[in-house]
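Only a predicted model underlies this, so the values are computations on that prediction, with no experimental measurement involved. So that the names make sense, note that chain A is the first sequence line, chain B the second, and so on, each numbered from 1.
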Amino acid sequence: MYKFEEYSEGIVIKDVKDFNIKHIFDCGQCFRWNEDKDGSYVGVANKRAVRIIQKDNDIYLKGGKAQDKDFWEYYFDLKRDYGEIKNKLKNDDVLNEAIKYGEGIRILNQEMFEIVISFIISANNRIPMIKRAVENISRSFGDKIEFEGKTFYSFPTPDKLYKVSADEFKSLGVGFRGEYIASAVKDIVEGNISLDEVSKLQTDDAHKELTKLKGIGPKVADCILLFSMQKHDAFPVDVWVKRVMQHFYLAPDVSLNKIRQFGRDKFGDLAGFAQQYLFYYAREFKGKEGF
DNA sequence: CCTCAGGGCTCTC
DNA sequence: GAGAGCCCTGAG
């Protein structure tokens, strides 16, 4: 069982299992962590800037505070037994293979508003571009956090973005999604939708509510459900998962909605976890075997 | 159910 | 250099 300890520069989570920072930060669920040459990651989560260093089964959170241990436990989903999840998914031959590549994946519990905006930006976009836009928005409207002699920025609250125009968002690199972001912020601040309330709904109902917002279609809604609302039966179908599903399970012309239904039926409560292993797996094949 | 346009940048040719 | 494609959605 893992445990938190303090060390000279922060806190450390000792004896973690099923935990690999590269797999976690590289499986497409988050946009605010950047890898350094030494393999450590620096980033900001809910106003906390830290450097994360993995040494075997110990996770060092440089700059982490002892009073934040509950937060990090939640953020990294530490209470969940990923070994058990993987054992169940391994009954499927494709997953059995996929898990070998991303065995240390965990689904982060991220802040809802940040995830809503980040995944609106993700539509028809590339990961480096998404990261840049999210960073620009944070730098312009978030709070300063000093760490390691540099200035980091928290992702802004809805209020901070309320008066920001679509054109201003566009100037920060979000492209045509500027209108969607401005509209979603307006709906959230004015109370046309409550993310807290949505998160309490059943997955299908929550999905329906989220897709009422401009810029949120079925895929983005599934990402929000999975990465910030703990709806682990959500199955986001992006291009990579689409390719992997069509390659291993389905015909090449099956629609996105059919793939989504297939995944949810096949993997049930574990669909979201399966999706993450499949996404990571698919990206390993980039440029090979027709991917 | 379908098709298509829509930042801007990067990779491919 | 042009062209395709990008963790896709909205409009038609």
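Separating the C1' atom of C:dA4 from that of B:dC4 is a span of 16 Å, rounded to the nearest Å. B:dG7 and C:dG12 have their P atoms separated by 16 Å, given to the nearest Å. Straight-line distance between the P atoms of C:dG3 and B:dA5: roughly 15 Å, to the nearest whole Å.
Counting any heavy atom pair closer than 4.0 Å across all strands shown, A:Lys170 reaches no nucleic acid atom. As judged by a 4.0 angstrom heavy-atom cut-off over every strand, A:Gln275 is placed among residues making no nucleic acid contact. Using a 4.0 Å heavy-atom distance criterion, A:Ile216 is classed as a sugar-phosphate-only contact. Residue-level contact check: A:Leu213 touches the backbone only, with heavy atoms under 4.0 Å from sugar-phosphate atoms and none from bases. If you check every strand for non-hydrogen atoms under 4.0 Å, A:Pro128 touches nothing.
Taking the side chain of A:Lys214 as heavy atoms from C-beta on, and the options C:dC8, B:dG8, C:dA11, the nearest nucleotide is C:dA11. Comparing B:dC9, C:dG10, C:dC8 against the side chain of A:Lys219 picks out C:dC8 as the nearest. The side chain of A:Lys258 lies closest to B:dC1, out of C:dC8, B:dC1, B:dC9. If you check B:dG8, C:dT9, C:dG5 against the side chain of A:Arg243, the one that comes closest is C:dG5. Comparing B:dT10, B:dG8, C:dC8 by their closest approach to the side chain of A:Arg132 singles out B:dT10. With C:dT9, C:dC6, B:dC1 as the candidates, the nucleotide lying closest to the side chain of A:Val220 is C:dT9. Candidate nucleotides C:dC8, B:dG7, B:dG8 were compared by shortest atom distance to the side chain of A:Arg177, and B:dG7 ranks first.
When atom types are taken as modelled, the side chain of A:Gln29 and the backbone of A:Arg106 share a donor-acceptor pair closer than 3.5 angstrom.
Of the residues near DNA chain C, A:Phe227 and A:Tyr180, the one whose nearest nucleotide (by heavy atom distance) lies more toward the 5' end is A:Phe227.
Across all strands shown, B:dC4 forms a Watson-Crick or G-U wobble pair, both distances under 3.5 Å, with C:dG10.
The separation between A:Ile120 atom CD1 and C:dG10 atom P is 9 Å, rounded to whole Å. Here the P atom of nucleotide B:dC9 and the CD1 atom of A:Ile130 are 15 Å apart, to the nearest Å. When rounded to the nearest whole Å, the span between CG of A:Asn136 and P of B:dC9 equals 11 Å. B:dC9 atom C1' lies 17 Å from atom CG of A:Leu172, rounded to whole Å. In this structure, A:Arg126 atom CZ and B:dG7 atom C1' are separated by 13 Å, rounded to whole Å. Rounded to a whole Å, the CZ atom of A:Phe176 is 12 Å from the C1' atom of B:dC4. Here the P atom of nucleotide C:dC8 and the CD1 atom of A:Ile259 are 12 Å apart, to the nearest Å. Between A:Asn125 atom CG and B:dC9 atom C1' there is a gap of 9 Å when expressed in whole angstrom units.
Annotated as anti: B:dG6, whose O4'-C1'-N torsion sits more than 90° from 0.
Checking A:Asn192 against A:Lys212 by side-chain atom types alone, no donor-acceptor pair falls below 3.5 Å. At a cut-off of 3.5 Å, with distance as the only test, no side-chain donor of A:Glu103 or A:Tyr82 sits close to an acceptor on the other residue.
Taking the side chain as every heavy atom from C-beta outward, A:Lys79 and A:Tyr2 approach each other to under 4.5 Å.
Geometrically, A:Arg48 engages A:Phe71 in a cation-pi contact defined by less than 6.0 Å to the ring centre and at most 45° from the axis.
By the 6.0 Å contact criterion, CD on A:Gln202 is open, its count of non-hydrogen atoms from other residues, nucleotides or ligands being 12 or less.
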